[in-house]
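Please read these numbers as outputs of a predicted model, since none were measured by experiment. Sequence lines set the chain letters: A, B, ... in the order given, protein chains first and strands last, and positions in each chain run from 1.
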Amino acid sequence: MANMPLQFKRDRELVMRMYLTMFLLGVLYAFFALVMNVGLGVGMVPIAIIVGVMVFVQYMISDKLIIWSSGAKVVTAEQEPELHAMVDRLAHNAGMVKPKVAIIQSPVPNAFATGRNPKNSIVAVTTGIRERLTPRELEGVLGHELAHVRNKDMRVLAIANFLVTMTSFIMTMLFWSMLFGGMRREKENNGGAMMLLYLITVVVYFIGQLLVLALTRYREYGADHSGAEISGDPGALASALEKISGAMARIPEKDLRKLQTASAFLLIPPHFKGDDMVHLFSTHPRVEDRIRRLRELEQRARFGVQ
Amino acid sequence: MGLFGRKDKEKVEVQDWPRLSTIVKVEESLRQREEITPARTAGVLYRHSDLNPFLKDIETNMREALNTGEGATQTGFRFKDEDGGLRWAILEDTNFRDLASSTYTAGNAIASNGAKDCLIAAVFLFNFTHSVRETDTRSFLRSYWIYRYTRHAYYPFVPTSDKEGDRDRPSELELARLVHRAGLEVDRELEEWRGLWGIPF
């Protein structure tokens with residue numbers, strides 16, 4: 001799962017989904033191991049090797065999985081000359097190998113980079129983000145994505161996720177082993193120790209999750225900073241974030257006149273939810289914080305303050 | 001008293017005036033703080049139809065509604081047609097309270113004469129004397145405040161050109177915050193903030 005979406009909106013939801021995936025993968029591996037151990041009598045060492053191979057394969061093909069699941073289509077320089085020229089220029093500025101370029105047919109404005117190393121990386125943008133942003137702003141966004149690639153964030157995150165997956169695996173194994181007395185151990189002797197071990201794993205698992213969250217956030221700020229260096233224009237990403245984050249993205253493009261059909265007046269009267277109040281009067285704090293930092297960088301760049 | 005004078009508004013339509021009129025207090029407070037220049041232009045956008053007797057003879061009917069009788073104002077008005085059978089009633093008054101009242105009356109006159117479904121929006125023009133974003137150094141910001149009759153609430157609209165989709169969203173959000181604090185009934189469903197590109201005033 002080594003992808004680094006730009007995380008403009010619903011960032012928390014995305015992170016939660018990522019954790020859930022990691023947790024469920026751990027459960028899946030544990031289930032797999034249990035079936036082999038209890039059902040087929042395979043020893044723990046071969047199981048560990050098999051699971052290790054599976055995790056490695058998952059890591060190796062993760063970029064393909066992401067491309068496949070997001071519906072991104074890799075495009076050539078002939079198909080998308082402008083986009084390619086932009087990535088060319090940025091990759092040159094960053095002193096890195098140019099990643100593949102892909103487009104996702106989606107009205108939702110977003111972008112991501114993926115790949116376990118710069119050589120195998122891909123940057124993808126949605127059609128929605130291209131429609132919304134000016135070339136300058138899109139360049140800011142792509143700079144941010146290339147920074148993720150250059151900083152090897154996908155690998156860092158993949159390793160962190162691997163550890164979370166493994167903790168989830170061990171946690172589930174211990175839980176089932178206590179429940180069924182499985183794994184062919186004598187439960188009378190080590191029941192208490194097993195319980196303690198389980199509790200420790202649970203604590204480690206949750207701390208691990210918090211650390212990954214902090215790590216992701218930290219890498220995101222890092223990519224903002226080095227992305228600004230790559231594009232040479234901190235204000236471009238700030239302006240892109242302003243345009244497509246949270247509240248901004250909800251303001252429509254369409255003209256009110258187009259809504260005026262007879263049925264429009266039969267609509268249920270609007271109800272004002274408390275939640276909307278939050279949306280209107282506070283954009284996502286983290287995005288606001290990112291914009292603030294980028295604007296500071298912009299000011300420094302403009303006035304030469306160090 | 002005119003048939004559609006201000007005295008009638010409580011009888012015919014009680015829902016719009018309390019919400020639409022919140023703009024009067026807001027204009028006063030912003031003007032006193034010199035955040036805006038005095039606002040004196042507004043418009044009502046509606047779908048025109050000659051099949052409706054009131055709309056067919058709207059010029060005379062509007063004059064009667066606005067400028068005669070007990071609740072009369074000195075509000076000037078003119079009409080401007082758009083493609084697609086839409087028409088603007090553009091109102092001007094140096095007294096903003098009268099302007100808001102006349103804008104309400106104009107919409108109400110159309111609504112209470114069998115053309116409620118033809119009403120689209122009332123729009124007020126506020127010229128701010130400063131930008132509302134740190135990075136924006138403009139000393140002037142033209143903003144429209146759109147009141148949609150189907151939603152009974154306002155939202156800001158700052159077009160950056162006449163092309164559909166070109167709008168200054170960051171400024172709109174800042175303006176919404178500012179004006180909500182001043183007491184305006186702002187539509188909280190941002191998805192409903194549909195623009196009106198090419199407003200003729």
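At least one test fails for B/R87 against the ring of B/Y46: distance under 6.0 Å to the centre or angle within 45° of the axis.
Chain A is approached within less than 4.5 Å, heavy atom to heavy atom, by B/E164, B/G165 from residues 157-165 of chain B, ordered by number.
Between B/R40 and B/E92 there is no salt bridge, since no side-chain nitrogen of the basic residue lies less than 4.0 Å from a carboxylate oxygen of the acidic one.
Taking the ring centroids of B/F124 and B/F96, they lie under the 6.0 Å cut-off. Between B/W88 and B/F201, the ring centre distance stays below 6.0 Å.
Using bins of under 30°, 30° to 60° and over 60° for the plane-to-plane angle, the ring pair B/F77/B/F79 lands in the perpendicular bin.
With sequence neighbours excluded, the residues forming a side chain to side chain contact (heavy atoms under 4.5 Å, CB included) with A/P252 are B/R167, B/W193, B/R194, listed by chain and number.
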